[in-house]
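Below: one structure, written as structure tokens.
Both counts, for ligands and for their atoms, begin at 1 and track the order of listing. Computed from heavy atoms alone, side chains included, the values below leave out hydrogens, waters and symmetry copies.
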Amino acid sequence: MDIADKLARTHLLTKTEAMELLEHAEDRELAKRLAQDAVELRKKYYGDKVFTRGLIEFTNYCKNDCYYCGIRRGNLHAKRYRLTRDEILECCENGYELGFRTFVLQGGEDPFYTDERMEELVREIKGKYPDCALTLSIGERSREAYGRFRKAGADRYLLRHETADEEHYRKLHPKEMSLAVRKQCLNDLKELGYQVGAGFMVGSPGQTLECLAEDLVFLQELRPEMVGIGPFVPHHESRFAGEPAGSVELTLFLLSVIRILLPKVLLPATTALGTMDPMGREKGLEAGANVVMPNLSPVKNRKQYDLYDNKISTGEESAEGLERLKKSVALAGYRLVCERGDFIGQ
Ligand code: SAH
């Protein structure tokens with residue numbers, strides 16, 4: 001296909017081209033070809049390495065009300081938890097012993113964790129583990145707060161844009177949230193020198209191929225160091241309870257396209273992909289992904305970080321499952337490594 005050729009050659013897509021490519025997403029031959037190109041690029045830049053990030057889901061309190069999310073404030077049935085500073089440090093310690101050299105602190109937008117408390121936490125973790133990369137994923141904060149966290153030692157920040165289409169953004173979020181603010185946060189984070197991760201859900205309610213084309217254009221403009229995508233999975237206590245989940249195949253197709261658009265990007269095979277398909281993670285790697293994020297949270301709280309139904313938490317995506325994960329990654333032809341795995345430049 002002409003567009004696939006052009007994509008492989010130039011690593012660029014216009015919105016119209018992205019639309020046309022996506023219209024053929026069910027063409028198995030095309031998907032295969034894109035996956036081959038993607039895997040080749042990933043090998044060229046990262047060899048056979050698959051990077052690990054230790055995920056610490058440290059609070060499920062959230063002041064936001066994103067309609068798709070199981071831990072949004074409007075879900076009165078969610079059992080809330082918040083790890084203490086000591087518990088978080090313990091997660092890091094366990095992770096460090098297991099070999100992890102990057103930690104991701106992810107949570108709802110929890111007012112208890114004020115800018116001051118977060119700054120202190122970052123300083124403490126980086127003081128104890130100066131050799132580790134620290135990633136934050138705690139939603140929207142002021143530029144000033146992002147600057148303080150950065151100064152305290154935070155290296156990376158994950159903030160999915162969720163959808164780059166204004167109208168679609170409105171369908172997924174209450175009116176006090178806006179795509180403009182989300183984009184502003186991402187720009188601030190970039191300017192402050194974070195390695196930034198954007199991303200979106202595949203198949204979220206109301207998403208059209210045009211929305212996805214918009215997402216691809218947005219990623220090309222932002223040029224994030226990381227991109228997290230995974231299928232939308234309905235949560236039973238949400239207005240989208242009856243909506244179908246996003247497609248694994250389309251997610252894999254998009255992983256390949258993103259790898260070709262941004263050849264050096266760090267691209268996780270996400271938990272949502274592993275939730276929707278028992279071989280989802282491996283399939284993600286075959287499509288061009290090169291990161292996995294095992295869960296380092298205390299086992300007693302895992303079920304409570306309930307973003308969507310049936311979220312997997314104790315299998316190979318968990319820290320305890322690391323040995324099994326190593327084996328399955330090796331079987332897929334790759335090598336799981338625990339090093340920091342920094343972005344290697346645009
Ligand atoms: N509060 C943080 C972290 C959010 S949870 C923030 O705003 O960035 C991390 C990601 O989980 C979200 O960005 C969203 O893309 C994803 N997620 C939430 N609900 C989901 C669902 N129902 N299905 C699939 N992914 C979901």
Side-chain angles (χ1 to χ4, degrees), residues 53 55-75 78 80 82 104-113 118 135-141 145-146 149 156-164 168-169 171-174 176-179 181-186 189 194 196-207 211 215 224 226-248 250-251 254 268-277 280 293 295 297 302 304-313 317:
R53 278 83 175 86
L55 182 62
I56 305 171
E57 297 163 336
F58 72 106
T59 173
N60 75 349
Y61 282 87
C62 193
K63 66 178 166 64
N64 278 344
D65 213 25
C66 311
Y67 300 142
Y68 45 85
C69 183
I71 65 167
R72 74 190 183 288
R73 68 155 190 262
N75 183 6
R80 304 290 167 173
R82 173 183 293 131
V104 182
L105 288 183
Q106 186 178 87
E109 294 200 14
D110 181 354
F112 172 84
Y113 275 107
M118 280 316 299
T135 307
L136 296 178
S137 179
I138 55 171
E140 298 170 4
R141 300 250 173 161
Y146 288 152
F149 306 156
R156 307 175 181 162
Y157 206 103
L158 304 182
L159 185 74
R160 290 187 177 178
H161 62 282
E162 311 296 0
T163 174
H168 187 218
Y169 195 93
K171 273 198 179 161
L172 299 178
H173 301 96
E176 65 269 20
M177 292 180 74
S178 82
L179 180 58
V181 169
R182 204 81 179 167
K183 287 184 173 173
Q184 185 59 52
C185 287
L186 286 163
L189 290 162
Y194 283 92
V196 171
F200 54 90
M201 290 173 289
V202 179
S204 56
Q207 185 177 65
C211 299
D215 286 322
M226 301 167 279
V227 175
I229 68 164
F232 160 76
V233 188
H235 187 283
H236 64 286
E237 303 272 14
S238 75
R239 68 171 66 188
F240 298 139
E243 298 286 335
S247 145
V248 168
L250 183 56
T251 305
L254 284 158
T270 53
T271 307
L273 189 58
T275 296
M276 287 302 296
D277 183 329
M293 298 173 66
N295 198 324
S297 316
R302 292 232 188 116
Q304 289 165 274
Y305 199 76
D306 180 31
L307 302 175
Y308 44 80
D309 289 348
N310 307 313
K311 180 167 168 276
I312 49 173
S313 63
E317 78 298 334

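Atoms CD and OG, on Glu57 and Ser137 in that order, are 10.0 Å from each other to the nearest 0.5 Å.
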Short N or O contacts of ligand 1 with protein, under 3.5 Å, listed by atom name?
from: ligand 1; atom 1: 1 (N); to: Gly107; atom 2: O; distance (Å): 2.9
from: ligand 1; atom 1: 7 (O); to: Arg182; atom 2: NH2; distance (Å): 3.3
from: ligand 1; atom 1: 13 (O); to: Glu162; atom 2: OE2; distance (Å): 2.5
from: ligand 1; atom 1: 15 (O); to: Arg160; atom 2: NH1; distance (Å): 2.9
from: ligand 1; atom 1: 15 (O); to: Glu162; atom 2: OE1; distance (Å): 2.7
from: ligand 1; atom 1: 15 (O); to: Glu162; atom 2: OE2; distance (Å): 3.4
from: ligand 1; atom 1: 22 (N); to: Tyr68; atom 2: O; distance (Å): 3.0
from: ligand 1; atom 1: 22 (N); to: Val233; atom 2: O; distance (Å): 2.7
from: ligand 1; atom 1: 23 (N); to: Val233; atom 2: N; distance (Å): 2.9
from: ligand 1; atom 1: 23 (N); to: Val233; atom 2: O; distance (Å): 3.3

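Tested against Tyr67, the residues Pro174, Pro205, Ser238 include a single side-chain contact (heavy atoms from CB on, under 4.5 Å) partner, Pro174. No option in Ile71, Asn75, Leu307, Asn310 other than Asn75 meets the side-chain contact (heavy atoms from CB on, under 4.5 Å) test with His235. Of the residues listed (Glu109, Glu176, Glu140), the one engaging Lys63 in a salt bridge (charged side-chain N to carboxylate O under 4.0 Å, His left out) is Glu109, and it is the only one.
A parallel orientation is assigned to the rings of His173 and Tyr169, their planes being inclined by less than 30° (bins at 30° and 60°).
The aromatic ring centres of Tyr157 and Tyr146 sit less than 6.0 Å apart.
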